[in-house]
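Notes follow once the structure below has been shown.
Not measured: the values here are computed from a predicted model.
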Amino acid sequence: MLNIGDFASHGRVSVRMLRHYDAIGLLRPARVDPVSGYRSYEAGQLARLNRVIALKELGFTLQQVRAVLDEEVDAAALRGMLRLRRAQLAEAIAADEQRLARVEARLRTIESEGTMSQHEVVVKPVPSVRVAQLTGVAASYEPEEIGPVIGPLFTELCRRLAAAGIAETGPSVARYEDSPEGDGSVRILVAVPIARSVRPGRADVELLDLPPIEQAASVVHRGSMDDSVGSFQALARFIEENGYRSAGYARELYLECPDDPARWVVELQEPVVRR
């Protein structure tokens, strides 16, 4: 038998925690002295303690831990729970990192207010181009809603074109439209330029000619699109200060997209007309 202090030491937990587990019926001592009230444990009870701690670290409440242990969970089941929890935590960490990146981008934009813009904006025509296109819908124009939709759309578009043996002839393009449902959602249209000789039916994609833009306020954004707020707002200031008004969402022309998003080069082309 081990006294409560020795059992706590071998289990790498506190005596206070063991007393709490006893009080709620999660891990009872093997013996309690009827006179002194001293608790004693058997070494074999470390197996249950290990499961308690593992399940607790996986995010289960103590009530849930007791329910799981009452079903006599084995090591294989615990390993499966660990894999699932690891995936959930990795997803949460990635989401938090993206959220921090967006906050940092906003902060940099705030800090640059009142200073000379580092973005060079020009007005130029954009010619028509034949493209293959896929369409999706995001709940809003916020980056955390756009990102999970636009990436898979481009991946699927490129997969279908490769399967059909259709070559890309220029940088990919993303466009946006207000959803006809009027619920604030946004239609995302991803496209890849292709040869005009490609005939419909060669791949399961929409083929169309993107119309030309007579006047587009254009700025080159360098870095992750999570950090693009400053570039978009530079466009807005230029448009207002130079007597234009926006005529629609900006197109995104992906000039360079290496594996590291921090090294991306994307041209933003916003249709404008004179006020």
Short question: side chain of [X], backbone of [Y] - any donor-acceptor pair under 3.5 Å?
| X | Y | result |
| --- | --- | --- |
| Gln45 | Glu42 | yes |
| Arg66 | Leu62 | no |
| Asp6 | Leu2 | no |
| Arg130 | Leu210 | no |

Between [X] and [Y], does any side-chain donor sit less than 3.5 Å from a side-chain acceptor?
| X | Y | result |
| --- | --- | --- |
| His119 | Ser231 | yes |
| Ser246 | Glu270 | yes |
| Glu267 | Tyr254 | no |

Are any non-hydrogen side-chain atoms of Phe7 and Leu49 less than 4.5 angstrom apart?
->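 They are in contact (side-chain heavy atoms under 4.5 Å apart), so the answer is yes.
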Is Arg175 close enough and on-axis enough to Tyr249, meaning under 6.0 Å and within 45°, for cation-pi?
->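 Geometry flag: not set, cation outside 6.0 Å or 45°.
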May I ask you to check whether over 12 heavy atoms, not counting those of [X], lie within 6.0 Å of atom [atom1]?
| X | atom1 | value |
| --- | --- | --- |
| Arg12 | CZ | no |
| Glu240 | CD | no |
| Gln64 | CD | yes |
| Arg28 | CZ | yes |

side-chain contact (heavy atoms from CB on, under 4.5 Å) between Met225 and Val266, intermediate numbers included = CA-CA 8 Å; Met225 291 304 289; Val266 182; 3.8 Å; yes
Show your reasoning for whether side-chain contact (heavy atoms from CB on, under 4.5 Å) applies to Arg263 and Glu256.
-> CA-CA 8 Å; Arg263 298 170 56 201; Glu256 297 178 23; over 6 Å; no
Derivation and outcome, side-chain contact (heavy atoms from CB on, under 4.5 Å), residues Leu161 and Val205 | CA-CA 8 Å; Leu161 292 179; Val205 295; 4.2 Å; yes
Stepwise side-chain contact (heavy atoms from CB on, under 4.5 Å) check, Val137 with Val149 = CA-CA 7 Å; Val137 178; Val149 178; over 6 Å; no
Given Arg39, which of Asn3, Asp33, Asp22 fulfils the side chain to side chain donor-acceptor pair (under 3.5 Å) condition?
->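 Option passing the side chain to side chain donor-acceptor pair (under 3.5 Å) with Arg39: Asp22.
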